[in-house]
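When reading the values below, keep in mind they use all heavy atoms of this one structure, side chains included, and skip hydrogens, waters and symmetry mates. Each chain gets a letter, A, B and so on, in the order its sequence line appears, and its residues count up from 1.
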Amino acid sequence: MSVKSHPDTTRPSEKSVLKAAELASHSVEVLPDGGLALQLDRGEPLRVKLGIDPTAPDIHLGHTVVLNKLRQFQDEGHRVVLIIGDYTARVGDPSGRSDQRPMLAPEQIDANARTFQEQAFKILDRDRTDVRFNSEWLRMEPEELLGLLARATVARLLEREDFQKRMAAGEPISALELLYPLLQGYDSVAIRSDVELGGTDQKFNLLFARDIQAAYDCPRQTVMTMPILPGVDGVRRMSKSLGNYIGVTDPPDEMFGKVMSIPDENLDEYWGLLLGDEPSPGDPPNLSKRRLASRLVDHFHGESAGTNAEAAFNRVFVDREVPKEIEDYAMDVEETVHLPAALSEAFGISRSEARRIIQQGGVRRDGDVLPADELDYAPSELDGAVIQVGKRRFRRFQSQS
RNA sequence: GGGGGAGUGCCCGAGUGGUUAAAGGGGACCGGCUGUAAACCGGUUGGCUCCGCCUACGUAGGUUCGAAUCCUACCUCCCCCA
């Protein structure tokens, strides 16, 4: 019966529709349909929100998918509000997780937040970014918190797939986790966000925030989800805790190598999500992977860094030569060198592990495999030699001066 | 408040008195292949003064010739009913 005017029925201008489509490139979903174009029609800079969890400090390529998108918004004159979830980090985002995460110590959160920002500004435009900590508004009076809690129902909170799965499997869901979407949603109220970005795994949280905004009589945000980048294993999402990540601060050679280690099947995905491009059709996997690696290294370490990294890669993995830069290991010249002990010290592995590697023929001296049964050497036999463990670990043994 | 279940090596997960340093898988590592740190194949994967010894199956005791496996207490966690 209501005859209220529905803003969604207004037609956005042609120009805004085109612009919105441009901004939506490479995204998975933009909801509600047409919402972004309407917002653009207002002709004012939009407040684009990204909430980050300061649990793992280092930014990796997975994060950059979303950050690049934010940058695109900034380049169009919009403003990014980066929310450091120092308060919500205590709660732990249940998205895509089957277990709870431990709460972090406040000092740890602070430190993580700092490094995160530093690295985020490798991509974001500092002048068009506001950084806010959500403890600023979430550390609220109990009355206010109850008011917030009153605005959601348990059924709505339990709708999310993660919870459904966990309940079906008889796995625990903490009451704290249940609160997470509410708190994150309140962030959107606090900063009056127009658009919020996140990975596809964030869809529930992002949409839930719209409801919270509505409950507080705020204009509802548009949500945009971005694809999740798989890690170097090619299967699970890139994440620091899974150890399958490529960090934006990884040294050039390592970054190059890690990119080379992604499965060939994931090449198109990486090209698309990280470079917004695609490999040349005729290129064999090896070549397009090299190009990808080189461009990424250039991006994070400056022009020609990629070329240098590739040269280093060829040197070690193709020509099987030693790298240019090798760390020294100062060995004791007083007595016989017990190889397992020396390797243990030089490479930070246990002696037992060193023995195993020696036995497997994995230790080389200046390129020649050392015999499996020879464990003791005179210092003179090793002095100045490059000792190699496996394919990629090198140390130059030097007698102490 | 009541009932039930679980705690094993980096992770997951078998194992209910004796060749168990502990199946299997994942991961990681070494090797082979490959002008990829891809794929594929083989091997290794607690520590050490390494052909032997030490430490390990939530914690502390106990039973036993012998325990991850049995008993007692404790700690932690989970599920269901109310």
*Asks:* When the P atoms of U76(B) and U59(B) are considered, how many whole Å apart are they?
*Replies:* 15 Å

*Asks:* Which value, in whole Å, describes the distance between the P atoms of nucleotides A28(B) and A37(B)?
*Replies:* 15 Å

*Asks:* Rounded at 0.5 Å granularity, tell me how far NE2 in His60(A) sits from CD1 in Ile246(A).
*Replies:* 10.5 Å

*Asks:* Determine whether a donor-acceptor pair (N or O, by modelled atom type, separation under 3.5 Å) exists between the side chain of Arg128(A) and the backbone of Gln74(A).
*Replies:* yes

*Asks:* Could you say whether Gly243(A) or Ser344(A) is positioned toward the 5' end of RNA chain B, judged by the nucleotide with the nearest heavy atom to each?
*Replies:* Gly243(A)

*Asks:* Between Lys258(A) and Glu254(A), is the closest basic N to carboxylate O distance under 4.0 Å?
*Replies:* yes

*Asks:* When the distance from CG of Asn244(A) to C1' of C11(B) is rounded to whole Å, what number comes out?
*Replies:* 14 Å

*Asks:* If the condition is ring-ring contact (aromatic ring centres under 6.0 Å, His included), which residues does Phe208(A) pass it with, not counting sequence neighbours?
*Replies:* Phe204(A)

*Asks:* Using whole Å, report how far NZ of Lys240(A) lies from P of C10(B).
*Replies:* 21 Å

*Asks:* Pick out which of Glu29(A), Glu159(A), Glu161(A) makes a salt bridge (charged side-chain N to carboxylate O under 4.0 Å, His left out) with Lys203(A).
*Replies:* Glu29(A)

*Asks:* Mind checking the P distance from G9(B) to C57(B)? Whole angstroms is fine.
*Replies:* 9 Å

*Asks:* More than 12 heavy atoms of other residues, nucleotides or ligands under 6.0 Å from CD of Gln164(A): is that the case?
*Replies:* yes

*Asks:* For the residue pair Arg365(A) and Val386(A), establish whether any side-chain heavy-atom pair is separated by less than 4.5 Å.
*Replies:* no

*Asks:* If you write RNA chain B from 5' to 3' in dot-bracket form, with Watson-Crick or G-U pairs under 3.5 Å, [ ] for crossing pairs and | for pairs with another strand, what do you get?
*Replies:* ((((((((.[[[..)..(.....]]]((((((.......))))))(((...)))...[[[[[..)....]]]]]))))))).

*Asks:* Are the charged groups of Arg114(A) and Asp110(A) less than 4.0 angstrom apart, N to O?
*Replies:* no

*Asks:* Rounding to a whole Å, what distance do you find between Leu375(A):CG and C48(B):C1'?
*Replies:* 14 Å

*Asks:* Pairs of donor and acceptor atoms involving the side chains of residues 372-380 of chain A, under 3.5 Å and at least two apart or interchain, shall be tabulated with distances.
*Replies:*
residue   : atom : partner   : partner atom : Å
Asp376(A) : OD1  : His338(A) : ND1          : 2.8

*Asks:* Using atom P of each nucleotide, how far apart are A21(B) and G46(B) to the nearest Å?
*Replies:* 13 Å

*Asks:* Please report, rounded to the nearest Å, how far the C1' atom of C11(B) is from the CZ atom of Arg236(A).
*Replies:* 9 Å

*Asks:* Test your reading of the model: is there a side-chain donor-acceptor pair from Asp41(A) to the backbone of Ser13(A), 3.5 Å cut-off?
*Replies:* yes

*Asks:* Would Arg151(A) count as a cation-pi partner of Tyr216(A), with NZ or CZ less than 6.0 Å from the six-membered ring centre and within 45° of the ring normal?
*Replies:* yes

*Asks:* How many angstroms lie between atom CZ of Arg237(A) and atom CG of Leu242(A), to the nearest 0.5 angstrom?
*Replies:* 8.5 Å

*Asks:* How many Å lie between CD on Glu353(A) and C1' on G46(B), as a whole number?
*Replies:* 11 Å

*Asks:* Find every protein N or O atom lying less than 3.5 Å from an N or O atom of nucleotides 54-58 of chain B, and list the pairs.
*Replies:*
none

*Asks:* How far, in whole Å, is G24(B) from A14(B) if one measures between their P atoms?
*Replies:* 15 Å

*Asks:* How long is the line joining NE2 of His338(A) and P of C48(B), in whole Å?
*Replies:* 10 Å

*Asks:* For A56(B) versus G3(B), give the span between their P atoms, rounded off to a whole number of Å.
*Replies:* 36 Å

*Asks:* If the cut-off is 4.0 Å, is Ser352(A) near the phosphate of C48(B), judged by side-chain N/O to OP1 or OP2?
*Replies:* yes

*Asks:* Determine which pairs satisfy salt bridge (charged side-chain N to carboxylate O under 4.0 Å, His left out) with at least one residue from residues 293-308 of chain A, sequence neighbours left out, and list them in order.
*Replies:* Asp277(A)-Arg295(A)

*Asks:* Quick one: Asp233(A) CG to G26(B) C1', roughly how many Å, whole number?
*Replies:* 11 Å

*Asks:* Please list, pair by pair, any protein nitrogen or oxygen found under 3.5 Å from a nitrogen or oxygen in nucleotides 30-38 of chain B.
*Replies:*
residue : atom : partner   : partner atom : Å
C30(B)  : OP1  : Arg393(A) : NH2          : 3.3
C30(B)  : O2'  : Gln360(A) : O            : 3.2
U34(B)  : O4   : Arg320(A) : NH2          : 3.1
G35(B)  : N2   : Asp319(A) : OD1          : 2.9
U36(B)  : O4'  : Asn286(A) : ND2          : 2.8
U36(B)  : O2   : Met260(A) : O            : 3.3
U36(B)  : O2   : Lys289(A) : NZ           : 2.6
U36(B)  : N3   : Asp264(A) : OD1          : 3.1
U36(B)  : N3   : Asp264(A) : OD2          : 3.4
U36(B)  : O4   : Asp264(A) : OD2          : 2.5
A37(B)  : O2'  : Ser261(A) : N            : 3.3
A37(B)  : O2'  : Ser261(A) : OG           : 3.4
A37(B)  : N1   : Arg392(A) : NH2          : 3.1
A38(B)  : O4'  : Lys289(A) : NZ           : 3.1
A38(B)  : N3   : Asp264(A) : OD2          : 3.3

*Asks:* If the P atom of U63(B) is compared with that of C12(B), how far apart are they to the nearest Å?
*Replies:* 34 Å

*Asks:* Taking atom C1' in both G15(B) and A67(B), what distance in whole Å separates the two?
*Replies:* 13 Å

*Asks:* With a non-hydrogen cut-off below 4.0 angstrom, is Ser350(A) in contact with a base, only sugar-phosphate, or nothing?
*Replies:* sugar-phosphate

